[in-house]
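By convention in this document, chain letters (A, B, ...) are assigned in the order of the sequence lines, proteins followed by strands, and residues within each chain are numbered from 1.
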Number of protein chains: 2
Amino acid sequence: MHDMRDRPEPVTMATIARMAGVTQPTVSRAFNHPARLSPETLDRIMQAVRQTGYVPNIVAGGLASSRSRVLAAIVPSVVNITYVALIRTFSAIMRQRGYQVMLMESGFDATEEERLVALSLAHRPEGILLTGIQHSEQCRRMLVASGIPVVEVWDLTRSPVDVCVGFSHEGAARAAARHMLSRGYRHFATAAVDDARAIRRNLAFAQELRANGHACRMGRDLPGLPSIRSGRAAFARLIEDGLPIGQSAIFCSSDVMAQGVMIEARARSIEIPREVAVMGFGDQDHAADLDPPLTTIRIDRDALGQRAAEALIARIDRQDVPERRIDIGFTIVERNSL
Amino acid sequence: MHDMRDRPEPVTMATIARMAGVTQPTVSRAFNHPARLSPETLDRIMQAVRQTGYVPNIVAGGLASSRSRVLAAIVPSVVNITYVALIRTFSAIMRQRGYQVMLMESGFDATEEERLVALSLAHRPEGILLTGIQHSEQCRRMLVASGIPVVEVWDLTRSPVDVCVGFSHEGAARAAARHMLSRGYRHFATAAVDDARAIRRNLAFAQELRANGHACRMGRDLPGLPSIRSGRAAFARLIEDGLPIGQSAIFCSSDVMAQGVMIEARARSIEIPREVAVMGFGDQDHAADLDPPLTTIRIDRDALGQRAAEALIARIDRQDVPERRIDIGFTIVERNSL
DNA sequence: TTGAAAGCGCTAACAT
DNA sequence: ATGTTAGCGCTTTCAA
């Protein structure tokens with residue numbers, strides 16, 4: 001084994017104060033209100049800081065000021081780019097404002113989310129970001145009782161815990177249906193995993209089709225996360241269940257599912273989009289680089305992260321927040337798969 | 001705008017103590033050493049806790065005990081599954097031990113990493129996870145001076161800041177070369193993005209080939225993150241530069257790159273593996289679901305996360321740490337693309 | 001411009 | 001089994 005580094009006695013503001021011949025609160029001012037100090041004093045302090053490599057203890061500061069400088073973010077999955085891309089923008093903006101974010105993964109499970117919220121609360125975050133609007137009753141109660149600002153992302157609702165930023169999943173699905181109709185497709189199907197938002201979209205998709213006199217084959221929703229495997233399986237099932245070849249369009253719950261559909265179609269020598277057309281959801285990075293390039297629905301995840309950050313900052317600063325519902329919309333990106 | 005919820009006066013251990021008719025330290029004991037309390041006292045305290053929904057303030061506790069219960073983790077990219085899959089396992093294990101992790105993204109930039117380490121230090125994490133072994137001098141100094149346990153993942157080195165867990169990139173690349181040779185391929189190329197670890201692998205790959213009397217076309221390393229686009233571009237360039245069709249094998253810097261290579265090959269009607277064979281790196285989730293299934297090098301990222309967690313816990317607890325270098329190895333997964 | 005004093009919400013001795 | 005006391009490293013009045 002290797003030698004334990006003995007803890008050197010920790011450097012604190014008191015240490016710096018002693019070195020600079022001032023009192024500890026003066027050192028605190030050097031960091032928080034440098035303008036209020038005489039240049040000479042500031043200089044001596046900063047010299048001591050440099051010599052020691054001292055870094056102020058935010059935790060102690062947070063305790064004193066009741067500002068932890070910490071945020072909590074809970075996403076369903078940290079390996080799913082759909083949810084993480086947003087966190088990246090959110091974190092970057094927040095970091096600039098002096099916040100660090102604790103990222104946690106709920107695994108699409110409301111009970112686990114509730115547990116994580118409880119854990120977060122112990123760190124007294126100044127704000128919490130939650131994915132989606134479906135939380136356990138207990139979770140909502142804890143959140144409300146804590147009085148901590150909360151931003152819910154990806155969905156819109158009339159009764160957010162605090163603020164929500166997202167888009168209309170139903171609207172996007174209806175737009176997809178209308179787009180396919182206008183393109184002349186006559187047979188429709190969905191390929192989705194068992195995910196609350198995807199299911200809501202598919203329902204709206206089928207409804208819009210029905211309103212226009214068309215039926216929709218609802219692919220059986222597959223368990224687990226969206227994956228190429230699920231996409232392949234979904235397409236295989238659809239074909240085996242008799243989806244007509246020609247004038248058919250498939251609405252996928254994500255780009256990854258669509259990718260799976262395309263791979264399976266190729267393996268079965270079914271040509272896309274001539275024989276079967278495909279639409280994805282999400283417009284992930286490589287949607288444009290597939291062959292054929294994937295037609296999909298773009299959600300501006302950066303905007304989502306940014307608006308979420310802005311909304312949360314406003315709530316933390318107790319500014320007037322005019323809208324508790326922020327709609328970032330969606331766009332259909334036409335490429336060649338449909 | 002909507003009504004600001006007025007902050008109710010915060011519930012603390014003192015509040016609970018008053019309600020339960022005990023002193024505040026007794027409430028502390030109820031959480032940290034419940035066995036030392038009489039069942040009746042414990043009961044009264046817990047009742048008050050339930051009534052108020054009180055959650056102990058870990059930050060204050062951390063200040064008092066010098067145990068922040070916080071960890072910092074810095075990865076190059078939070079949207080790249082390669083780096084995040086590990087964090088997920090790591091976080092889950094650490095959470096069970098009562099730690100929360102602050103996740104940060106360095107963007108493959110040592111200077112940014114240095115900044116993030118400095119920011120982390122302000123939160124007095126009990127341990128830090130770093131990706132890779134290349135850090136700025138200043139960064140290493142800060143780390144060592146802080147005395148905080150550090151685990152470096154993905155690479156092995158004889159001189160880690162503290163502990164490292166990874167595997168031999170050179171060894172993996174040489175194994176790939178030998179594997180291709182044994183399969184009878186005669187023309188070799190690499191397809192990589194401009195990434196330190198990928199470049200090291202490619203060098204070792206070419207060297208092993210040379211040692212066996214074969215040349216290797218080094219695909220020009222593409223800028224940016226690995227993507228399907230880069231993979232397509234790399235393959236296109238290789239073909240245009242005259243890579244022979246037949247008995248050729250391409251060593252990719254990641255599975256995503258390999259996926260791009262396969263897509264571009266298909267678009268050019270080049271059959272894999274008959275005309276050109278492809279090997280990926282990483283064995284990501286859908287490697288097996290591609291068509292053809294991708295032959296690749298598996299790195300057990302869960303093991304990486306787990307061993308990293310274990311090593312860090314050992315260091316935090318100041319246990320004897322016999323090995324500062326933990327090799328988790330790699331395996332070649334034979335599927336059909338090579 | 002700086003110092004003195006108090007206190008943030010806990011944990012950890014040490015008493016009893 | 002519980003209370004008393006101190007103190008973690010800061011920020012924030014209030015004085016001077």
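Here B:T41 does not reach the OP1 or OP2 of D:dA1: none of its side-chain N or O atoms lies under 4.0 Å away. A sub-4.0 Å separation between OP1 or OP2 of C:dG3 and a side-chain N or O of A:T26 is present. The phosphate of C:dT2 has OP1 or OP2 within less than 4.0 Å of a side-chain N or O from A:S38.
For the residue pair B:S136 / B:E114, a side-chain donor-acceptor distance below 3.5 Å is found, with atom types taken as modelled. Between the side chains of A:Q47 and A:R44, no donor-acceptor pair of N or O atoms lies under 3.5 Å. Inspection of the B:E113 and B:H135 side chains reveals an N or O donor paired with an N or O acceptor under 3.5 Å.
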Per-nucleotide protein contact string for nucleotides 7-13 of chain D, where B marks a base within reach and S marks sugar-phosphate only (heavy atoms under 4.0 Å, - for neither):
BBBBBBB
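The one candidate from B:T131, B:D155, B:T82 that meets the side chain to side chain donor-acceptor pair (under 3.5 Å) condition with B:R197 is B:D155.
At a threshold of 4.0 Å, the pair A:D109-A:R115 does not count as salt-bridged, since none of the basic side-chain nitrogens sits closer than that to a carboxylate oxygen.
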